[in-house]
Undergrad: 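Questions regarding the structure given below will be posed in turn.
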Amino acid sequence: MSLETEDLLRELARNAESVCRHYLPAGRREGSYWIVGDLQNNPGRSLFVRLTGPTSGPGAAGKFTDGATGEHGDLLDIIRARTGISRFPDLLTEARAHLGRPQPVLPDVPTPRKAKDPGGTPAAASRLFAASVPVPGTLADTYLRSRGLTQGGFTSALRFHPKCWHREEGQTRSIPRPALIAAVTDGAGGLQGVHRTWLAPDGKGKAAVKTQRRAMGHLLGNAVRLTPHDEILVVGEGIETMLSLREAAPGLPAWAALSSGHLGAVMLPEGLQRLYIAIDHDPAGQRAAERLSARAIEAGIACHVLEPLLGDFNDDLRAHGKVALREHLAGQIGREDLRRLLA
């Protein structure tokens, strides 16, 4: 292990609670530990992360153990599990970014050939998105329509790639599979990452693999901007969830944050007057909504929470149809925005 990596691990240990709050937001501090369900950030009390202690050696801060599975490791392992980053240099880059440390300046030495950009970077995400095609008429269109979604082809944020590489954890060989590709952009419209949903060969569902979704690039604070915002905005977790709201209420600007952890950290645009947070019916989504609501109110933005009847709004759409979903939303949308339900 290099001296720089050891120093980075020590600083992560000194900031163990900050790392846990960012990457495992479903948990909470109890005494000297951060307690959460598992490395996938599910609610529970199985995984313990030590927040106090020396920065290395026995009893060090940042060490975790999952009592249910026996898994154990350090804060870099937590960051790897929550971001999906597999290359160690990219993992160190993510850790430096979280700590606010500058990235190392590489020596200017000649190379025999042009270095390939590492996977997981915004540059790699941009290449994948550029190599994808519009949704209409593709397996991505078939997949979205199988979930009652007809608006996916009308947003430039979604595209389709017929042969997007997929590799399960622990496997060494990647397999090309069709995938729905979503652009993750920042406030200036710059592409910072992509989200991939691998599809079944006929498009009528997700691929029969353990890892059906994965993101790459810089996600924190950014979102899949399905439509431009104006003075109001609706933000939720999943792409299908937010497209479901678009089916029922096409006049509502919609963004997808991709996860409960990222929902609480979405950067709100300037000039926003009213924010609607579309939650999923689970504790993690509700906690994320509370964090985002607090930030919005602090910024002087009126905030409302939209709750589904079932697990999420796509469940509502498929079970009851868009007319019933629109009527359900009408009871939660502010009077000044009711006209948008039919816009």
Side-chain angles (χ1 to χ4, degrees), residues 121-130 132-136 140-141 144 147 149-161 179-197 213-280 285 288-289 291-293 295-296 299 301 303-304 306 312-314 329 333 337 340 343:
T121 65
S126 295
R127 289 196 301 273
L128 177 59
F129 195 73
S132 304
V133 299
V135 165
D141 200 5
L144 293 173
R147 301 193 63 159
L149 305 170
T150 64
Q151 301 297 310
F154 296 98
T155 172
S156 59
L158 301 181
R159 293 174 73 87
F160 170 71
H161 197 294
L180 173 68
I181 309 296
V184 179
T185 53
D186 58 21
L191 193 145
Q192 297 298 320
V194 294
H195 183 270
R196 296 154 289 176
T197 302
R213 302 172 184 267
R214 189 171 286 152
M216 62 190 295
H218 298 164
L219 308 184
L220 191 66
N222 302 316
V224 178
R225 289 165 166 81
L226 297 170
T227 61
H229 75 280
D230 45 44
E231 73 272 13
I232 76 166
L233 175 64
V234 186
V235 182
E237 294 183 38
I239 295 168
E240 294 88 341
T241 293
M242 302 315 295
L243 284 175
S244 298
L245 290 179
R246 292 284 298 159
E247 289 288 328
L252 293 176
W255 292 1
L258 300 177
S259 72
S260 59
H262 289 102
L263 176 60
V266 168
M267 296 300 296
L268 300 175
E270 293 185 7
L272 191 64
Q273 297 178 20
R274 294 182 299 284
L275 174 69
Y276 293 94
I277 305 174
I279 66 170
D280 292 353
R291 291 194 299 274
L292 185 56
S293 295
R295 290 175 46 222
I301 301 169
C303 190
H304 308 273
L306 304 180
D312 59 42
F313 285 105
N314 189 242
L329 291 171
I333 294 287
D337 296 317
R340 292 175 178 265

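None of these values were measured; they are calculated from a predicted model.
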Undergrad: Within the 4.5 Å heavy-atom criterion, are Thr185 and Asn222 side-chain neighbours or not?
TA: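 Answer no - side chains too far apart.
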Undergrad: Quick check: does any side chain N or O of Ser293 sit under 3.5 Å from a backbone N or O of Ala289, one acting as donor and the other as acceptor?
TA: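 Indeed, once roles are kept as given, a pair shorter than 3.5 Å links the two residues.
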Undergrad: Using the rule given for side-chain contact (heavy atoms from CB on, under 4.5 Å), can you reason through Val224 versus Thr155, listing the C-alpha separation, both sets of side-chain angles and the distance that settles it, and then say yes or no?
TA: CA-CA 10 Å; Val224 178; Thr155 172; over 6 Å; no
Undergrad: Can you check whether Val184 reaches Leu191 side chain to side chain, under 4.5 Å on heavy atoms?
TA: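 Val184 does not reach Leu191 side chain to side chain.
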Undergrad: How long is the gap from CZ on Arg147 to CD1 on Ile239, to the nearest 0.5 Å?
TA: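 It is 10.5 Å, given to the nearest 0.5 Å.
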Undergrad: Look up atom CD1 in Ile279 and atom OG in Ser260, then write down how far apart they are to the nearest 0.5 Å.
TA: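 So the CD1 of Ile279 and the OG of Ser260 are separated by 11.5 Å.
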Undergrad: Report yes if the side chains of Leu144 and Leu180 come closer than 4.5 Å at any heavy-atom pair, otherwise no.
TA: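 They are in contact (side-chain heavy atoms under 4.5 Å apart), so the answer is yes.
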Undergrad: Measuring from Tyr276:OH to Arg340:CZ, what's the distance to the nearest 0.5 Å?
TA: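 Here the rounded value is 8.5 Å.
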Undergrad: Can you name the closest pair of heavy atoms from Leu245 and Ala278 and give their distance?
TA: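 Closest approach of Leu245 to Ala278: CD1-CB, 3.6 Å.
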Undergrad: Taking the side chain as every heavy atom from C-beta outward, state whether Arg159 and Pro134 have any atom pair closer than 4.5 Å.
TA: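 A side-chain contact exists here, since the closest heavy-atom pair is under 4.5 Å.
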Undergrad: Does anything in residues 246-259 form a side chain to side chain donor-acceptor pair (under 3.5 Å)? List the pairs, not counting sequence neighbours.
TA: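 Output for this query lists Thr150-Glu247, Ser259-His262.
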Undergrad: Do Leu128 and Met216 come within less than 4.5 Å of each other through their side chains, counting heavy atoms only?
TA: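 Touching, per the 4.5 Å side-chain cut-off.
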Undergrad: Restricting to non-hydrogen atoms, name the atom on Ser132 and the atom on Ile181 that form the minimum distance, rounded to 0.1 Å.
TA: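 That closest heavy-atom pairing would be OG-CG1, 3.6 Å.
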Undergrad: To check you understand the geometry: which heavy-atom pair defines the closest contact between Ala248 and Leu329, and what is its length?
TA: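 Residues Ala248 and Leu329, closest heavy atoms: CB-CD1, 4.2 Å.
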Undergrad: Applying salt bridge (Lys or Arg N to Asp or Glu O under 4.0 Å), can you list everything that pairs with Arg213, at least two apart in sequence or on another chain?
TA: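 For Arg213, the residues satisfying salt bridge (Lys or Arg N to Asp or Glu O under 4.0 Å) (neighbours in sequence not counted) are Glu240.
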Undergrad: Grab the two heavy atoms, one from Phe129 and one from Val194, that are nearest each other, plus how far apart they are.
TA: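 Between these two residues, the closest heavy atoms are CB-CG1, 4.1 Å.
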Undergrad: Looking only at non-hydrogen atoms, find the nearest pair between Pro269 and Leu233 and report the distance.
TA: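 Scanning both residues completely, I find the closest heavy atoms to be CD-CD2, 4.1 Å.
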Undergrad: Do Leu306 and Ile277 have side chains that approach each other closer than 4.5 Å (heavy atoms only, starting at C-beta)?
TA: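 Side-chain contact under 4.5 Å: no.
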Undergrad: In Å and rounded to the nearest 0.5 Å, what is the CG to CD1 distance from Leu272 to Ile232?
TA: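 Reported value, rounded in 0.5 Å steps: 8.5 Å.
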Undergrad: How long is the span from the CG atom in Leu226 to the CG atom in Leu252, to the nearest 0.5 Å?
TA: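 Separation between the atoms: 12.5 Å.
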Undergrad: Got Arg274 and Asp337 here, is their nearest side-chain heavy-atom distance under 4.5 Å?
TA: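 Side chain of Arg274 against side chain of Asp337, heavy atoms only: contact under 4.5 Å found.
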Undergrad: Heavy atoms, side chains only, cut-off 4.5 Å: are Leu275 and Val235 in contact?
TA: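 Touching, per the 4.5 Å side-chain cut-off.
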Undergrad: Between Asp186 and Gln192, do the side chains contain an N or O donor and an N or O acceptor separated by less than 3.5 Å?
TA: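 A donor-acceptor contact under 3.5 Å links the two side chains.
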Undergrad: Calculate, to the nearest 0.5 Å, the distance between atoms CG and CE belonging to Leu292 and Met267 respectively.
TA: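 It is 11.0 Å, given to the nearest 0.5 Å.
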Undergrad: Quick one: ring pair (Phe, Tyr, Trp, His ring centres under 6.0 Å) partners of Phe160, sequence neighbours excluded?
TA: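 In terms of ring pair (Phe, Tyr, Trp, His ring centres under 6.0 Å), with neighbours along the sequence ignored, Phe160 is linked to no residue.
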Undergrad: Kindly give the heavy-atom pair with the smallest separation between Ala215 and Arg196, and that separation in Å.
TA: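 That closest heavy-atom pairing would be O-NH2, 3.5 Å.
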